[in-house]
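Here is how names work: the chains are called A, B, and so on, in the same order as the sequence lines, proteins then strands, and each is numbered from 1. Side chains included, hydrogens not; waters and symmetry mates left out as well; all remaining heavy atoms used. As the structure is a computational prediction, the values presented were derived from the model and not from experiment.
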2 protein chains.
Amino acid sequence: MASASDGPRAAGAGRPSTVGRPRDTGRDRAILRATLALLTETGYEQLSMEAVASRSGVAKTTIYRRYPDKAALVAAAAEYRSAGTPPEPAAAGLRENLLALVGWLAHQIAEQEVGLLGALFAGMRSDPRLAEEMRRILRRDEVAMTEHPFGEAVGRGEQVAPHAAELFAELAPAVIVHRVVVAGGRCDERFVEHLVDDILLPLLRG
Amino acid sequence: MASASDGPRAAGAGRPSTVGRPRDTGRDRAILRATLALLTETGYEQLSMEAVASRSGVAKTTIYRRYPDKAALVAAAAEYRSAGTPPEPAAAGLRENLLALVGWLAHQIAEQEVGLLGALFAGMRSDPRLAEEMRRILRRDEVAMTEHPFGEAVGRGEQVAPHAAELFAELAPAVIVHRVVVAGGRCDERFVEHLVDDILLPLLRG
DNA sequence: TCGATACGAAACGGTAGCGTATCGAAAGGG
DNA sequence: CCCTTTCGATACGCTACCGTTTCGTATCGA
């Protein structure tokens, strides 16, 4: 199956084609945007390919030419939505870098519609294919996010716990998501500082 | 819809009946238990009335005689759900109590609450009251859980961080849910120990 | 121009599950 | 004993929608 990290499924039988009529990238965007909108409005299970086709003004064939099934489409849409790169670590210390990173992460998560998070959440429970796709994306982002700040901190001679990166990846998204989804709270500056100063830093410094 | 606080729908056209064959309360329980089991196994959308009937050994008619639709059934099941009581703190130290508490919490979340969360997100669009009900139920346990162990630890003279209870309530459910849903991992003994020793204890002891 | 591919429109088979209806039998109360 | 209601079994109509297929048309690269 075409994973989300591959982007839209390659033309033809799997490999990109140079001949023939090229794909319309405008339709790519229309499909993903319609998917996100409907996902937020109605949830994963209620999301129908026909509705996506109708909303995006595209024939169903055009969708199935790109994505093998609903799970792949939704995963691609989620990835399309959160296509941001974490901030580069500045020159400052670990705390400043963590503040920036957590702030960015909180913004990424909180900015999503709560309905979208819930839809993905519920969809992962009901559709193993979607769960697999989503976890692939999450793992990739996780790695990309935690590569820099801790390595740099070590390079500066700061004291960092041995498994700081793993611990960060395990804690930060969990606490943020839990706050947004379950508790229904906001992710303001105070919360970011609380998360960094009261939870992350004490643990990551050992 | 019949809200969960109304309990099973009254007999006949809405008012309780004294004449005729009485309802079988054993079937009431069987229905709700089957609903809860299927809810945690497959999620809200996958939950079919036919599956509930089959699992509970009851005819579909018997379900629809009690609940007008799926949302009402799920709400009633969530309300019925045994609000499991956390384990009493033993005589041992804080670590042992935390291990027991986190183990119980992990089991509780993995076996029950994830399904309820899925139902929450699936149902909140079609029925806001159901969503509110779910949030209330989910919070109920998290609060009731953090009362005992830290107070006792302080009583024994153990060193405990000032806001240990709040920190615990913020961290433990978040990390567990994140592991179950996002990472897709199991909550075995190793994970419980990791959560207690590597995350909770260092923070809660200050 | 030609070949290959993308696109839209529409129809199709198949699956699934909801909620209803019907029927006979069982089980309680007055 | 009779009336009322519950319960099981089953069939049913209905809706939804997935994923596929077909065919005619549009649009690109070579």
Without decimals, in angstroms, what is the distance between Gln46(A) CD and dC18(C) C1'?
13 Å
Quick one: is Thr61(A) getting a side-chain N or O under 4.0 Å of the dA6(C) phosphate, OP1 or OP2?
no
In whole angstrom, what separates Met49(A)'s CE from dA16(D)'s P?
18 Å
For Arg66(B) and Asp24(B), which heavy atoms make the closest approach, and how far apart are they?
NH2-O, 3.5 Å
Atom-pair distance (CG on Asp69(A); P on dC17(D)), nearest Å
17 Å
Sort by first number and list every stem of DNA chain D: at least 3 consecutive Watson-Crick or G-U wobble pairs, both distances under 3.5 Å.
C:1-30 with D:1-30
Test: Arg186(B) cationic atom under 6.0 Å from Phe191(B) six-membered ring centre, within 45° of axis
no
Can you measure Lys70(A) atom NZ to dC18(D) atom P for me and round it to whole angstrom units?
6 Å
Of the nucleotides dC7(D), dC17(D), dC7(C), which one has an atom closest to the side chain of Arg27(A)?
dC7(C)
Can you tell me the distance, in whole Å, between the CG atom of Leu38(B) and the P atom of dG17(C)?
12 Å
Would you mind reading off the distance between Leu47(B) atom CG and dC18(C) atom P, rounded to a whole angstrom?
8 Å
Would one find a side-chain N or O of Arg66(A) under 4.0 angstrom from OP1 or OP2 of dC7(C)?
yes
Any donor and acceptor pair, going by atom type alone, linking the side chain of Thr25(A) with main-chain N or O of Asp28(A) inside 3.5 Å?
no
Between Gly57(B) and Glu50(B), the residue closer to the 5' end of DNA chain D by nearest nucleotide is Gly57(B)
Using a 4.5 Å cut-off on heavy atoms from C-beta on, say whether the side chain of Val177(B) contacts that of Val182(B).
no
Of the non-hydrogen atoms in Leu98(A) and Phe150(A), which two are nearest, and what is the gap between them?
CD2-CZ, 4.2 Å
Looking at Ala72(A), is its backbone amide N or carbonyl O close enough to the side chain of Asp69(A) to form a donor-acceptor pair, meaning the two atoms are under 3.5 Å apart?
yes
Its contact letters, B for base, S for sugar-phosphate only and - for none at protein heavy atoms under 4.0 Å, make nucleotides 25-30 of chain D read -BBBS-
Pair Tyr80(B)-Arg29(B), side-chain donor/acceptor within less than 3.5 Å
no
Have a look at Lys60(B) and say if it touches a base, only the backbone sugar-phosphate, or nothing, with a 4.0 Å heavy-atom cut-off.
base
We want to know whether His163(B) and Glu170(B) form a side-chain donor-acceptor pair, criterion being a heavy-atom distance below 3.5 angstrom.
no
Any Arg23(A) side-chain N or O less than 4.0 Å from OP1/OP2 of dT5(C):
no
Nucleotide dC7(C), atom P - distance to CD1 of Ile63(A) in whole Å:
11 Å
Check whether any side-chain heavy atom of Leu73(B) sits under 4.5 Å from a side-chain heavy atom of Met49(B), and report yes or no.
yes
Rounded to whole angstrom units, what separation is found between the OH atom of Tyr64(A) and the C1' atom of dC7(C)?
17 Å
